[in-house]
Undergrad: 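Once you've had a glance at the structure underneath, I'll fire off some questions.
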Amino acid sequence: MKRPWGVLEVGDRIRFDGQAHVLAGLDGPRCRLVAEEGAGVQVLLLTHVLAAQDFTILDRSLPGQRRVPVHGPLDACDTAVRDRALAWERHVLEVETGYPGPGREQLPRDGYDPAVYRLAQREAAKAAELTASGEQVSVATVRRMRARYRAQGVWGLIDGRRKRERSVFGRADPRVVAAIKQTLEEQQGRSTGTLSRLRHRVGWLLEDTQGPKVAVPPVATFNRLVRAVAEQEGLALTAEGQRRRTSRPVPVFTPTAATLPGEMVMMDSTLLDVMVVCEDGKARRPELTMAVDVATRSITAALLRPKGTKAVDAAVLLAQTLVPQPMRPDWPEYLSMAASVIPYTRLASIDARVQGAAARPVIRPSTVVIDQGKVFVSRCFLAAAEHLGITVQPCPPASGHAKGQVERGFGAIGTLFAQYVAGYTGNRLATRGSNVEDEACWTMPQLQDLLDEWIVCGW
């Protein structure tokens with residue numbers, strides 16, 4: 001049945017914006033256009049394309065004809081394999097339609113005109129043509145390639161041996177892969193053993209199910225195959241990994257986003273990777289409590305306290321986000337709000353406290369995202385938030401992804417600030433020095449001043 005001229009389908013050639021394109025996809029009101037010159041891809045509203053002054057349908061797609069660029073599994077094949085598959089596509093199209101490509105300007109070659117020759121004759125002509133060119137091809141091969149092209153498209157024209165090479169397990173015996181998968185599933189939740197024990201168990205399983213004809217791969221090959229199977233199937237190799245995978249919370253459907261300053265502010269606490277000299281003369285790591293605005297990624301307030309932050313400290317941090325930060329006497333003038341891009345004159349006319357303030361933005365939170373820490377769910381903090389008209393939104397326990405912005409902020413402070421401070425402990429035990437306590441030279445108030453200056457200057 002002939003398609004009406006007013007119907008636009010995938011594969012049609014159109015003119016749009018002074019250039020020829022191929023309609024590569026339709027998704028509701030959107031369409032995907034591939035430019036014939038330059039291979040540029042655009043995703044536009046279909047109504048915008050149809051309303052263009054130069055919009056014209058240049059050529060219609062026909063059954064079996066492919067104008068849309070091939071993507072997907074074929075991209076991962078070698079160039080020679082891909083070129084051979086595309087060459088076979090032209091041969092198959094010429095046998096079925098009489099034309100090896102999208103062009104219809106010239107007449108079919110002798111022996112391939114469907115109006116003159118039957119399909120069996122065209123298949124025989126193609127087999128003879130390919131055999132004459134040096135490639136031994138029979139009529140049965142041409143018929144088989146036609147069937148595979150109809151079933152799988154261009155992907156069906158690739159040699160099956162090339163497809164098996166693309167497996168994530170290489171050329172491993174599928175029976176060995178199945179035995180490794182079964183053994184890994186059986187040891188989930190049990191005490192962790194070595195890979196050599198796992199190899200013996202796989203060997204015993206293969207001997208019971210397949211007999212001596214299927215051997216276990218060598219040690220190095222087996223170890224690589226085990227890791228590949230575990231990664232592909234989502235199985236843990238150790239009991240620790242299994243517990244970590246089980247306790248991992250379900251991620252959110254969409255990432256957290258905010259468009260206005262103060263729409264969402266995240267607060268959290270962590271130990272800073274720096275030793276400070278406490279009042280009793282001993283060196284300890286302070287606890288950093290911080291608030292980060294999601295829309296602007298600004299650190300609106302940061303507070304250092306000895307380990308064990310109190311609820312009143314969290315309430316003070318909430319109050320600090322609402323007031324300007326005063327300039328320190330020893331800070332350079334370029335750190336002042338008057339020298340920054342913040343609209344200082346307008347803010348000064350609204351609030352006199354902006355006079356002499358540092359260039360840290362004042363952002364009033366609308367919603368504060370907290371974890372289940374006792375300082376944030378305390379009566380003191382919740383009463384302070386209620387008094388200020390701020391909504392408190394708790395996130396599920398053990399869900400760092402729910403407040404990823406503040407968690408990433410802690411990591412940035414560790415790499416951009418803490419590691420340059422005397423008494424740096426490293427971010428894990430393996431990177432910690434031997435005499436970190438002796439290197440500590442800053443007190444808590446001094447380190448607080450350094451952090452405040454770095455937030456204004458370096459963040």
Side-chain angles (χ1 to χ4, degrees), residues 70-86 88 148 152-251 273 398 400-401 404 407-408 411 414-415 419 425-434:
V70 178
H71 299 288
L74 198 64
D75 290 341
C77 297
D78 295 336
T79 303
V81 176
R82 183 168 59 250
D83 292 344
R84 178 173 175 80
L86 296 177
W88 260 111
R148 290 165 59 178
Q152 305 179 41
V154 185
W155 179 244
L157 302 178
I158 297 180
D159 190 341
R161 294 170 295 181
R162 301 294 185 179
K163 297 179 183 179
R164 287 194 293 271
E165 290 178 359
R166 294 187 64 254
S167 171
V168 294
F169 308 126
R171 298 186 179 183
D173 192 327
R175 294 170 292 183
V176 177
V177 174
I180 293 176
K181 178 183 176 182
Q182 180 179 345
T183 307
L184 288 176
E185 291 175 345
E186 291 175 353
Q187 76 171 18
Q188 297 300 301
R190 303 178 62 184
S191 300
T192 303
T194 61
L195 288 177
S196 61
R197 186 188 75 171
L198 180 66
R199 186 168 183 269
H200 286 304
R201 289 186 172 181
V202 171
W204 297 333
L205 179 60
L206 288 174
E207 186 176 356
D208 293 340
T209 58
Q210 305 295 334
K213 58 183 179 180
V214 180
V216 182
V219 176
T221 304
F222 177 81
N223 293 345
R224 290 194 299 268
L225 186 59
V226 166
R227 295 185 178 92
V229 172
E231 182 180 358
Q232 182 73 12
E233 301 296 334
L235 300 172
L237 291 177
T238 62
E240 179 186 5
Q242 177 66 18
R243 287 192 295 268
R244 186 167 55 249
R245 187 185 300 271
T246 304
S247 63
R248 184 181 303 168
V250 179
D273 299 330
H401 59 274
E407 296 288 354
R408 187 62 186 91
T415 56
Q419 68 172 338
T425 63
N427 57 1
R428 60 184 185 276
L429 186 60
T431 60
R432 184 168 180 171
S434 56

Undergrad: Could you note down all residue pairs passing side-chain hydrogen bond (donor to acceptor under 3.5 Å, both in side chains) where residues 199-214 supplies at least one of them, sequence neighbours left out?
TA: none
Undergrad: Ignoring hydrogens, what is the shortest heavy-atom contact between A230 and L237? Give both atom names and the distance.
TA: CB-CD2, 3.8 Å
Undergrad: Please list, chain by chain and in numerical order, all residues satisfying side-chain hydrogen bond (donor to acceptor under 3.5 Å, both in side chains) with T238, sequence neighbours excluded.
TA: none
Undergrad: Does anything in residues 224-240 form a salt bridge (charged side-chain N to carboxylate O under 4.0 Å, His left out)? List the pairs, not counting sequence neighbours.
TA: K181-E233, E240-R244
Undergrad: Could I get the full list of side-chain contact (heavy atoms from CB on, under 4.5 Å) partners for A239, not counting sequence neighbours?
TA: T192, R243
Undergrad: Give, for atom CG of D273 and atom OG1 of T431, the distance between the pair rounded to the nearest 0.5 Å.
TA: 8.0 Å
Undergrad: Excluding sequence neighbours, so at least two apart, what forms side-chain contact (heavy atoms from CB on, under 4.5 Å) with T415?
TA: Q419
Undergrad: Name all residues meeting the salt bridge (charged side-chain N to carboxylate O under 4.0 Å, His left out) criterion together with R197; count only those two or more places apart in sequence or in a different chain, and write none if there are none.
TA: none
Undergrad: How close do P217 and V176 get, counting heavy atoms only, and between which atoms?
TA: CD-CG1, 3.8 Å
Undergrad: Could you tell me which non-hydrogen atom of A179 sits nearest to which non-hydrogen atom of V202, and how far apart they are?
TA: CB-CG1, 4.0 Å
Undergrad: Run the side-chain hydrogen bond (donor to acceptor under 3.5 Å, both in side chains) test against T194 and tell me which residues pass, sequence neighbours left out.
TA: S196
Undergrad: According to side-chain hydrogen bond (donor to acceptor under 3.5 Å, both in side chains), who are the partners of E407, at least two apart in sequence or on a separate chain?
TA: K403
Undergrad: Side chains of L195 and V219: closer than 4.5 Å at any heavy-atom pair?
TA: no
Undergrad: Would you please name every residue forming a salt bridge (charged side-chain N to carboxylate O under 4.0 Å, His left out) with R408, sequence neighbours left out?
TA: none
Undergrad: Supply the atom-to-atom distance L157 CG to L86 CG, rounded to the nearest 0.5 angstrom.
TA: 8.5 Å
Undergrad: Test of understanding: with side-chain hydrogen bond (donor to acceptor under 3.5 Å, both in side chains), list the residues that count as partners of D83, not counting sequence neighbours.
TA: none
Undergrad: Ignoring hydrogens, what is the shortest heavy-atom contact between G241 and A236? Give both atom names and the distance.
TA: C-CB, 3.7 Å
Undergrad: Restricting to salt bridge (charged side-chain N to carboxylate O under 4.0 Å, His left out), what partner residues turn up for E185, sequence neighbours left out?
TA: none
Undergrad: Atom CG in L235, atom CD1 in I180: separation rounded to 0.5 Å?
TA: 11.5 Å
Undergrad: To the nearest 0.5 Å, what is the distance between CD (Q182) and CG (L205)?
TA: 4.5 Å
Undergrad: Which pair of non-hydrogen atoms, one from V177 and one from A172, has the smallest distance, and what is that distance?
TA: CG2-CB, 4.0 Å
